[in-house]
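Worksheet for the structure shown next.
Reminder, nothing fancy here: chain letters follow the sequence lines and each chain counts from 1.
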2 protein chains.
Amino acid sequence: MTEKTAPAPEAIKAWARLMRVSRQLMESAEEALKADGLPPLAWYDVLHELAEAGEGGLRPFQLIERTLFAQYNISRLLARLEADGQVEKLPVADDGRGQTIRITAKGRGTRRDMWAVYGRSIAELVGAKLSADELTMVSALLGRLRQPPASN
Amino acid sequence: MTEKTAPAPEAIKAWARLMRVSRQLMESAEEALKADGLPPLAWYDVLHELAEAGEGGLRPFQLIERTLFAQYNISRLLARLEADGQVEKLPVADDGRGQTIRITAKGRGTRRDMWAVYGRSIAELVGAKLSADELTMVSALLGRLRQPPASN
DNA sequence: TCAAGCTTGATGCAGATGCATCTATTGCCT
DNA sequence: AGGCAATAGATGCATCTGCATCAAGCTTGA
(Lines give C-alpha, C1' and ligand atoms only; values in the text may rest on other atoms or scores of the structure.)
Protein backbone atom coordinates (compact mmCIF):
# COMPACT_ATOMS: atom_id res chain seq x y z
CA MET A 1 0.00 0.00 0.00
CA THR A 2 3.03 2.24 0.05
CA GLU A 3 4.35 4.32 -2.82
CA LYS A 4 8.00 3.74 -2.28
CA THR A 5 9.74 2.42 -5.32
CA ALA A 6 11.12 -0.67 -3.63
CA PRO A 7 8.49 -3.38 -3.39
CA ALA A 8 7.49 -4.92 -0.07
CA PRO A 9 8.51 -8.54 0.45
CA GLU A 10 4.85 -9.56 0.37
CA ALA A 11 4.49 -7.88 -2.98
CA ILE A 12 7.49 -9.66 -4.38
CA LYS A 13 6.25 -13.00 -3.17
CA ALA A 14 2.77 -12.46 -4.54
CA TRP A 15 4.22 -11.38 -7.87
CA ALA A 16 6.47 -14.40 -8.08
CA ARG A 17 3.64 -16.77 -7.24
CA LEU A 18 1.35 -15.11 -9.72
CA MET A 19 3.82 -15.36 -12.56
CA ARG A 20 4.92 -18.84 -11.79
CA VAL A 21 1.54 -20.38 -11.11
CA SER A 22 -0.15 -18.78 -14.06
CA ARG A 23 2.52 -19.99 -16.40
CA GLN A 24 2.42 -23.48 -14.98
CA LEU A 25 -1.33 -23.74 -15.22
CA MET A 26 -1.38 -22.32 -18.71
CA GLU A 27 1.17 -24.86 -19.80
CA SER A 28 -0.77 -27.70 -18.25
CA ALA A 29 -3.91 -26.67 -20.05
CA GLU A 30 -2.04 -26.22 -23.30
CA GLU A 31 -0.48 -29.62 -22.91
CA ALA A 32 -3.84 -31.27 -22.32
CA LEU A 33 -5.18 -29.77 -25.52
CA LYS A 34 -2.19 -30.86 -27.49
CA ALA A 35 -2.41 -34.36 -26.06
CA ASP A 36 -5.90 -34.57 -27.54
CA GLY A 37 -4.77 -33.26 -30.88
CA LEU A 38 -6.59 -29.98 -30.38
CA PRO A 39 -5.47 -26.48 -31.38
CA PRO A 40 -3.73 -24.11 -28.97
CA LEU A 41 -5.48 -21.97 -26.38
CA ALA A 42 -5.24 -18.84 -28.49
CA TRP A 43 -7.71 -20.40 -30.88
CA TYR A 44 -10.10 -21.01 -28.06
CA ASP A 45 -10.01 -17.42 -26.91
CA VAL A 46 -10.94 -16.15 -30.33
CA LEU A 47 -13.51 -18.82 -31.08
CA HIS A 48 -15.09 -18.20 -27.71
CA GLU A 49 -15.48 -14.48 -28.33
CA LEU A 50 -16.85 -15.10 -31.78
CA ALA A 51 -19.27 -17.73 -30.57
CA GLU A 52 -20.62 -15.30 -27.99
CA ALA A 53 -20.91 -12.59 -30.60
CA GLY A 54 -23.22 -14.77 -32.66
CA GLU A 55 -24.21 -14.33 -36.27
CA GLY A 56 -23.30 -10.67 -36.29
CA GLY A 57 -19.67 -11.55 -35.82
CA LEU A 58 -16.98 -9.17 -34.67
CA ARG A 59 -14.54 -6.83 -36.31
CA PRO A 60 -10.88 -7.66 -35.74
CA PHE A 61 -10.34 -4.53 -33.68
CA GLN A 62 -13.13 -5.63 -31.38
CA LEU A 63 -11.35 -8.91 -30.85
CA ILE A 64 -8.25 -6.97 -29.96
CA GLU A 65 -10.19 -5.09 -27.30
CA ARG A 66 -11.75 -8.23 -25.84
CA THR A 67 -8.72 -10.50 -25.85
CA LEU A 68 -5.34 -9.10 -25.17
CA PHE A 69 -3.69 -10.04 -28.39
CA ALA A 70 -1.69 -7.55 -30.36
CA GLN A 71 -3.04 -6.31 -33.65
CA TYR A 72 -0.59 -8.21 -35.82
CA ASN A 73 -1.24 -11.27 -33.77
CA ILE A 74 -4.98 -11.20 -34.37
CA SER A 75 -4.40 -10.50 -38.02
CA ARG A 76 -2.36 -13.65 -38.47
CA LEU A 77 -4.39 -15.77 -36.11
CA LEU A 78 -7.51 -14.93 -38.10
CA ALA A 79 -5.72 -15.80 -41.30
CA ARG A 80 -4.90 -19.22 -39.87
CA LEU A 81 -8.42 -19.72 -38.57
CA GLU A 82 -9.87 -18.77 -41.90
CA ALA A 83 -7.50 -21.03 -43.78
CA ASP A 84 -8.69 -23.82 -41.54
CA GLY A 85 -12.34 -23.03 -42.11
CA GLN A 86 -13.01 -22.09 -38.49
CA VAL A 87 -14.10 -18.56 -39.28
CA GLU A 88 -15.10 -16.58 -42.32
CA LYS A 89 -14.27 -13.02 -43.23
CA LEU A 90 -17.08 -10.90 -44.58
CA PRO A 91 -16.73 -7.47 -46.08
CA VAL A 92 -18.42 -4.80 -44.05
CA ALA A 93 -20.97 -2.61 -45.77
CA ASP A 94 -20.20 0.86 -44.50
CA ASP A 95 -16.45 0.62 -44.07
CA GLY A 96 -14.38 -0.52 -47.00
CA ARG A 97 -11.30 -1.08 -44.85
CA GLY A 98 -12.87 -3.43 -42.41
CA GLN A 99 -14.21 -6.92 -42.30
CA THR A 100 -16.48 -8.86 -40.04
CA ILE A 101 -15.33 -12.16 -38.67
CA ARG A 102 -17.94 -14.81 -38.15
CA ILE A 103 -17.47 -18.23 -36.65
CA THR A 104 -18.43 -21.15 -38.87
CA ALA A 105 -20.22 -24.34 -37.90
CA LYS A 106 -16.85 -26.07 -37.91
CA GLY A 107 -15.53 -23.36 -35.64
CA ARG A 108 -18.35 -23.95 -33.18
CA GLY A 109 -17.54 -27.62 -33.21
CA THR A 110 -13.88 -26.97 -32.56
CA ARG A 111 -14.76 -24.67 -29.74
CA ARG A 112 -16.97 -27.29 -28.16
CA ASP A 113 -14.33 -29.97 -28.47
CA MET A 114 -11.73 -27.70 -26.98
CA TRP A 115 -13.96 -26.76 -24.09
CA ALA A 116 -14.44 -30.39 -23.15
CA VAL A 117 -10.72 -30.59 -22.52
CA TYR A 118 -10.04 -27.05 -21.43
CA GLY A 119 -12.94 -27.01 -19.01
CA ARG A 120 -11.74 -30.22 -17.47
CA SER A 121 -8.30 -28.69 -17.01
CA ILE A 122 -9.81 -25.72 -15.24
CA ALA A 123 -11.87 -27.96 -13.01
CA GLU A 124 -8.87 -30.06 -12.08
CA LEU A 125 -6.26 -27.35 -11.80
CA VAL A 126 -8.29 -24.74 -10.01
CA GLY A 127 -11.78 -25.95 -9.21
CA ALA A 128 -10.56 -28.98 -7.33
CA LYS A 129 -7.94 -27.10 -5.33
CA LEU A 130 -9.91 -24.26 -3.78
CA SER A 131 -13.41 -23.88 -2.41
CA ALA A 132 -15.97 -21.70 -4.11
CA ASP A 133 -15.41 -18.98 -1.53
CA GLU A 134 -11.71 -19.10 -1.99
CA LEU A 135 -12.08 -18.94 -5.74
CA THR A 136 -14.30 -15.91 -5.39
CA MET A 137 -11.73 -14.32 -3.14
CA VAL A 138 -8.97 -14.96 -5.68
CA SER A 139 -11.06 -13.38 -8.40
CA ALA A 140 -11.77 -10.36 -6.27
CA LEU A 141 -8.16 -9.81 -5.28
CA LEU A 142 -6.86 -10.31 -8.79
CA GLY A 143 -9.57 -8.03 -10.05
CA ARG A 144 -7.98 -5.21 -8.10
CA LEU A 145 -4.77 -5.74 -10.01
CA ARG A 146 -6.30 -5.22 -13.41
CA GLN A 147 -4.94 -2.48 -15.55
CA PRO A 148 -7.19 0.52 -16.38
CA PRO A 149 -9.94 -0.69 -18.76
CA ALA A 150 -11.08 -4.31 -18.54
CA SER A 151 -14.32 -5.80 -17.37
CA ASN A 152 -13.56 -9.47 -17.42
CA MET B 1 -13.83 -28.70 -4.55
CA THR B 2 -15.79 -31.16 -6.67
CA GLU B 3 -14.39 -33.73 -9.08
CA LYS B 4 -16.89 -33.31 -11.83
CA THR B 5 -15.31 -32.59 -15.14
CA ALA B 6 -17.22 -29.39 -15.76
CA PRO B 7 -15.70 -26.47 -13.88
CA ALA B 8 -17.74 -24.37 -11.46
CA PRO B 9 -18.46 -20.80 -12.53
CA GLU B 10 -16.24 -19.51 -9.74
CA ALA B 11 -13.42 -21.64 -11.07
CA ILE B 12 -13.86 -20.33 -14.59
CA LYS B 13 -13.87 -16.77 -13.38
CA ALA B 14 -10.81 -17.23 -11.22
CA TRP B 15 -9.01 -18.91 -14.10
CA ALA B 16 -9.88 -16.14 -16.50
CA ARG B 17 -8.75 -13.47 -14.08
CA LEU B 18 -5.55 -15.29 -13.34
CA MET B 19 -4.62 -15.65 -16.99
CA ARG B 20 -5.62 -12.19 -17.97
CA VAL B 21 -4.14 -10.31 -15.07
CA SER B 22 -0.87 -12.19 -15.08
CA ARG B 23 -0.39 -11.54 -18.75
CA GLN B 24 -1.21 -7.90 -18.39
CA LEU B 25 1.13 -7.38 -15.50
CA MET B 26 3.91 -9.29 -17.19
CA GLU B 27 3.54 -7.15 -20.25
CA SER B 28 3.60 -3.98 -18.21
CA ALA B 29 6.79 -5.01 -16.50
CA GLU B 30 8.34 -6.08 -19.78
CA GLU B 31 7.40 -2.81 -21.35
CA ALA B 32 8.95 -0.83 -18.52
CA LEU B 33 12.23 -2.67 -18.98
CA LYS B 34 12.21 -2.13 -22.69
CA ALA B 35 11.46 1.54 -22.24
CA ASP B 36 14.66 1.80 -20.24
CA GLY B 37 16.63 -0.09 -22.83
CA LEU B 38 17.00 -3.11 -20.58
CA PRO B 39 16.90 -6.78 -21.51
CA PRO B 40 13.74 -8.91 -21.23
CA LEU B 41 12.47 -10.47 -18.04
CA ALA B 42 13.80 -13.89 -18.94
CA TRP B 43 17.30 -12.52 -18.50
CA TYR B 44 16.40 -11.30 -15.06
CA ASP B 45 15.15 -14.67 -13.96
CA VAL B 46 18.36 -16.37 -14.92
CA LEU B 47 20.67 -13.65 -13.63
CA HIS B 48 18.76 -13.62 -10.37
CA GLU B 49 19.21 -17.35 -9.84
CA LEU B 50 22.85 -17.14 -10.75
CA ALA B 51 23.45 -14.18 -8.48
CA GLU B 52 21.94 -16.07 -5.58
CA ALA B 53 24.01 -19.10 -6.38
CA GLY B 54 27.18 -17.07 -5.97
CA GLU B 55 30.66 -17.99 -7.14
CA GLY B 56 29.86 -21.67 -7.34
CA GLY B 57 27.47 -21.01 -10.16
CA LEU B 58 24.82 -23.40 -11.35
CA ARG B 59 24.56 -26.14 -13.89
CA PRO B 60 22.07 -25.53 -16.69
CA PHE B 61 19.84 -28.35 -15.49
CA GLN B 62 19.64 -26.68 -12.11
CA LEU B 63 18.46 -23.53 -13.77
CA ILE B 64 15.79 -25.55 -15.51
CA GLU B 65 14.59 -26.83 -12.15
CA ARG B 66 14.54 -23.40 -10.55
CA THR B 67 13.00 -21.43 -13.35
CA LEU B 68 10.38 -23.01 -15.53
CA PHE B 69 12.16 -22.68 -18.81
CA ALA B 70 12.40 -25.60 -21.16
CA GLN B 71 15.77 -27.18 -21.72
CA TYR B 72 16.30 -25.83 -25.21
CA ASN B 73 15.21 -22.48 -23.98
CA ILE B 74 17.84 -22.34 -21.28
CA SER B 75 20.43 -23.59 -23.68
CA ARG B 76 19.90 -20.74 -26.08
CA LEU B 77 19.28 -18.15 -23.43
CA LEU B 78 22.63 -19.01 -21.88
CA ALA B 79 24.27 -18.78 -25.26
CA ARG B 80 22.92 -15.27 -25.64
CA LEU B 81 23.90 -14.30 -22.12
CA GLU B 82 27.38 -15.63 -22.66
CA ALA B 83 27.71 -13.87 -25.99
CA ASP B 84 26.81 -10.69 -24.18
CA GLY B 85 29.30 -11.24 -21.40
CA GLN B 86 26.66 -11.59 -18.70
CA VAL B 87 27.65 -15.10 -17.71
CA GLU B 88 30.54 -17.44 -18.28
CA LYS B 89 30.53 -21.15 -18.93
CA LEU B 90 33.07 -23.22 -17.07
CA PRO B 91 33.82 -26.87 -17.68
CA VAL B 92 32.92 -29.03 -14.76
CA ALA B 93 35.59 -31.26 -13.30
CA ASP B 94 33.81 -34.52 -12.64
CA ASP B 95 31.32 -34.52 -15.48
CA GLY B 96 32.61 -34.09 -18.99
CA ARG B 97 29.15 -33.44 -20.38
CA GLY B 98 28.27 -30.60 -18.15
CA GLN B 99 29.24 -27.03 -17.52
CA THR B 100 28.86 -24.58 -14.73
CA ILE B 101 27.35 -21.21 -15.40
CA ARG B 102 28.63 -18.31 -13.40
CA ILE B 103 27.41 -14.76 -13.45
CA THR B 104 30.02 -12.14 -14.35
CA ALA B 105 30.51 -8.70 -12.84
CA LYS B 106 28.72 -7.28 -15.83
CA GLY B 107 25.90 -9.70 -15.24
CA ARG B 108 25.55 -8.54 -11.65
CA GLY B 109 25.39 -4.99 -12.87
CA THR B 110 22.72 -5.82 -15.40
CA ARG B 111 20.74 -7.59 -12.76
CA ARG B 112 20.92 -4.60 -10.47
CA ASP B 113 19.87 -2.20 -13.20
CA MET B 114 16.99 -4.43 -14.14
CA TRP B 115 15.84 -4.74 -10.56
CA ALA B 116 15.62 -0.98 -10.20
CA VAL B 117 12.98 -0.98 -12.91
CA TYR B 118 11.43 -4.37 -12.33
CA GLY B 119 11.11 -3.81 -8.60
CA ARG B 120 9.42 -0.52 -9.21
CA SER B 121 6.96 -2.22 -11.53
CA ILE B 122 6.15 -4.78 -8.86
CA ALA B 123 5.68 -2.08 -6.27
CA GLU B 124 3.37 -0.12 -8.52
CA LEU B 125 1.45 -2.96 -10.07
CA VAL B 126 0.80 -5.06 -7.01
CA GLY B 127 2.37 -3.48 -3.94
CA ALA B 128 0.36 -0.32 -4.34
CA LYS B 129 -2.90 -2.07 -5.07
CA LEU B 130 -3.27 -4.50 -2.19
CA SER B 131 -2.43 -4.38 1.50
CA ALA B 132 0.27 -6.59 2.98
CA ASP B 133 -2.37 -8.93 4.35
CA GLU B 134 -4.11 -9.17 1.05
CA LEU B 135 -0.85 -9.86 -0.71
CA THR B 136 -0.10 -12.62 1.75
CA MET B 137 -3.53 -14.05 1.13
CA VAL B 138 -2.98 -14.03 -2.61
CA SER B 139 0.32 -15.82 -2.19
CA ALA B 140 -1.27 -18.43 0.03
CA LEU B 141 -4.17 -19.10 -2.29
CA LEU B 142 -2.00 -19.23 -5.39
CA GLY B 143 0.39 -21.47 -3.54
CA ARG B 144 -2.32 -24.07 -3.33
CA LEU B 145 -2.56 -24.09 -7.11
CA ARG B 146 1.05 -24.98 -7.67
CA GLN B 147 1.81 -28.11 -9.54
CA PRO B 148 3.56 -30.97 -7.69
CA PRO B 149 7.17 -29.89 -7.02
CA ALA B 150 7.99 -26.20 -6.51
CA SER B 151 8.93 -24.30 -3.41
CA ASN B 152 8.86 -20.76 -4.60
C1' DT C 1 -13.49 19.54 -52.23
C1' DC C 2 -9.44 18.10 -51.28
C1' DA C 3 -5.22 17.60 -48.53
C1' DA C 4 -3.68 16.01 -44.02
C1' DG C 5 -4.25 12.92 -40.70
C1' DC C 6 -6.45 8.98 -38.50
C1' DT C 7 -8.11 4.10 -38.43
C1' DT C 8 -8.21 -0.65 -40.08
C1' DG C 9 -5.84 -4.44 -41.21
C1' DA C 10 -1.73 -6.84 -43.60
C1' DT C 11 3.14 -7.94 -44.10
C1' DG C 12 8.64 -8.19 -44.48
C1' DC C 13 12.07 -9.14 -41.52
C1' DA C 14 14.57 -10.41 -37.35
C1' DG C 15 14.50 -12.86 -33.35
C1' DA C 16 12.36 -16.34 -30.12
C1' DT C 17 9.92 -20.68 -29.20
C1' DG C 18 8.56 -25.56 -29.71
C1' DC C 19 9.64 -29.98 -31.27
C1' DA C 20 12.40 -33.60 -32.41
C1' DT C 21 16.72 -35.30 -32.69
C1' DC C 22 21.71 -35.53 -32.14
C1' DT C 23 26.29 -36.00 -29.83
C1' DA C 24 28.93 -36.77 -25.93
C1' DT C 25 29.48 -38.54 -21.61
C1' DT C 26 28.26 -41.03 -17.55
C1' DG C 27 26.29 -44.78 -14.80
C1' DC C 28 24.51 -49.29 -14.30
C1' DC C 29 24.09 -54.09 -14.76
C1' DT C 30 25.82 -58.47 -15.99
C1' DA D 1 35.46 -55.05 -19.10
C1' DG D 2 31.35 -54.41 -22.38
C1' DG D 3 27.19 -53.00 -23.70
C1' DC D 4 22.86 -50.42 -22.89
C1' DA D 5 20.26 -47.10 -21.01
C1' DA D 6 20.04 -42.52 -18.94
C1' DT D 7 21.61 -37.75 -18.55
C1' DA D 8 23.54 -33.16 -20.16
C1' DG D 9 23.40 -29.98 -23.40
C1' DA D 10 23.20 -28.29 -28.41
C1' DT D 11 20.92 -27.67 -32.79
C1' DG D 12 18.08 -27.89 -37.51
C1' DC D 13 13.72 -26.79 -38.83
C1' DA D 14 9.13 -25.01 -38.77
C1' DT D 15 6.24 -21.86 -36.56
C1' DC D 16 5.17 -17.84 -33.89
C1' DT D 17 6.04 -13.29 -32.02
C1' DG D 18 7.46 -8.39 -32.06
C1' DC D 19 8.50 -4.42 -34.46
C1' DA D 20 8.16 -1.32 -37.94
C1' DT D 21 5.97 -0.03 -41.86
C1' DC D 22 2.68 -0.16 -45.50
C1' DA D 23 -1.59 0.38 -48.28
C1' DA D 24 -6.25 1.36 -48.41
C1' DG D 25 -10.17 3.66 -46.84
C1' DC D 26 -12.31 7.05 -43.92
C1' DT D 27 -12.88 11.77 -41.62
C1' DT D 28 -12.20 16.44 -40.82
C1' DG D 29 -11.35 21.16 -41.40
C1' DA D 30 -10.20 25.15 -43.99
Side-chain angles (χ1 to χ4, degrees), chain A residues 23-24 26-46 49-50 57-84 86-102, chain B residues 23-24 26-46 49-50 57-84 86-102:
Chain A
R23 246 203 292 180
Q24 266 186 207
M26 176 87 85
E27 271 169 28
S28 294
E30 200 83 67
E31 205 176 311
L33 286 172
K34 201 167 311 180
D36 271 40
L38 291 166
L41 267 183
W43 285 37
Y44 184 84
D45 290 344
V46 169
E49 293 298 334
L50 290 174
L58 287 175
R59 303 272 308 259
F61 72 87
Q62 295 178 296
L63 280 168
I64 293 170
E65 292 164 5
R66 285 167 170 70
T67 63
L68 24 85
F69 292 108
Q71 184 271 323
Y72 55 81
N73 219 322
I74 282 289
S75 174
R76 293 200 255 230
L77 185 42
L78 289 177
R80 276 174 255 148
L81 286 168
E82 185 191 28
D84 204 53
Q86 309 280 352
V87 306
E88 49 191 350
K89 298 185 176 184
L90 315 167
V92 75
D94 56 332
D95 189 340
R97 297 166 298 183
Q99 49 190 292
T100 294
I101 310 296
R102 194 166 59 193
Chain B
R23 247 203 291 178
Q24 267 185 205
M26 175 88 83
E27 271 169 28
S28 293
E30 200 84 65
E31 205 176 313
L33 288 171
K34 201 166 313 178
D36 271 41
L38 291 166
L41 268 182
W43 284 36
Y44 183 84
D45 290 344
V46 168
E49 293 298 335
L50 290 173
L58 287 175
R59 304 273 305 261
F61 71 88
Q62 295 178 295
L63 280 168
I64 292 170
E65 293 163 5
R66 285 168 169 70
T67 63
L68 25 84
F69 291 108
Q71 183 271 323
Y72 56 80
N73 219 322
I74 281 289
S75 174
R76 292 200 255 231
L77 185 43
L78 290 177
R80 275 174 257 150
L81 286 168
E82 186 191 28
D84 203 53
Q86 309 280 352
V87 306
E88 50 190 350
K89 297 184 176 186
L90 316 167
V92 78
D94 56 332
D95 187 342
R97 296 165 299 183
Q99 47 189 305
T100 294
I101 310 296
R102 194 165 60 192

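Atom CD in E82(B) sits about 9 Å away from atom P in dA10(D), given to the nearest Å. Nucleotide dA16(C) holds its C1' atom 12 Å from the CD atom of E30(B), rounded to whole Å. The CH2 atom of W43(B) sits 12 Å away from the P atom of dT17(C) (whole-angstrom rounding). Distance CG (L77(B)) to C1' (dT11(D)): 16 Å, rounded to an integer number of Å. dA16(C) atom P lies 11 Å from atom CG of D84(B), rounded to whole Å. One atom, CZ of F69(B), and another, P of dG9(D), lie 16 Å apart when rounded to the nearest Å.
Counting heavy atoms from C-beta outward, P40(B) and L33(B) have side chains that stay 4.5 Å or more apart.
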Please list every donor-acceptor pair under 3.5 Å in which a side-chain atom of residues 70-80 of chain B meets a protein atom from a residue at least two apart or in another chain.
none

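Scored by the side chain to side chain donor-acceptor pair (under 3.5 Å) test, R23(B) finds no partners at all (sequence neighbours excluded). Remark: Q62(B) pairs with no residue by the side chain to side chain donor-acceptor pair (under 3.5 Å) rule, at least two apart or across chains. Contacts of E88(A) classified as salt bridge (charged side-chain N to carboxylate O under 4.0 Å, His left out), with partners at least two apart in sequence or in another chain: R102(A). Every residue two or more places apart in sequence or in another chain that forms a side chain to side chain donor-acceptor pair (under 3.5 Å) with D84(B) is listed here: Q86(B). For Y44(B), the ring-ring contact (aromatic ring centres under 6.0 Å, His included) partners two or more places apart in sequence, or in a different chain, are H48(B), W115(B), Y118(B). Listed by chain and number, the residues in a salt bridge (charged side-chain N to carboxylate O under 4.0 Å, His left out) with D36(A) amount to none (sequence neighbours excluded). E65(A) meets the side-chain contact (heavy atoms from CB on, under 4.5 Å) test with F61(A); sequence neighbours excluded.
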Summarise protein proximity over nucleotides 5-14 of chain C in one line of letters, 5' to 3': B for base, S for sugar-phosphate only, - for none, counting protein heavy atoms closer than 4.0 Å. --BSBBBBB-
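When the C1' atoms of four end pairs are superposed on the next four at each end of the helix from dT1(C)-dA30(D) to dT30(C)-dA1(D), using five pairs per end, the two resulting axes differ in direction by 10°, to 10°.
Rounding to the nearest 0.5 angstrom, the gap separating the CD1 atom in I64(A) from the CG atom in L58(A) is 11.5 Å. The CD atom of Q99(B) lies 4.5 Å from the NZ atom of K89(B); values are rounded to the nearest 0.5 Å.
For the pair A93(A) and A42(A), nearest-nucleotide mapping onto DNA chain D gives the more 5' position to A42(A).
Regarding contacts with the backbone of dC19(C), a side-chain N or O of K34(A) is found under 4.0 angstrom from either OP1 or OP2. For N73(A) and dC16(D), the shortest distance from a side-chain N or O to OP1 or OP2 is not below 4.0 Å.
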For nucleotides 1-3 of chain D, tabulate all protein N/O to nucleotide N/O atom pairs closer than 3.5 Å, reporting atom names and distance.
none

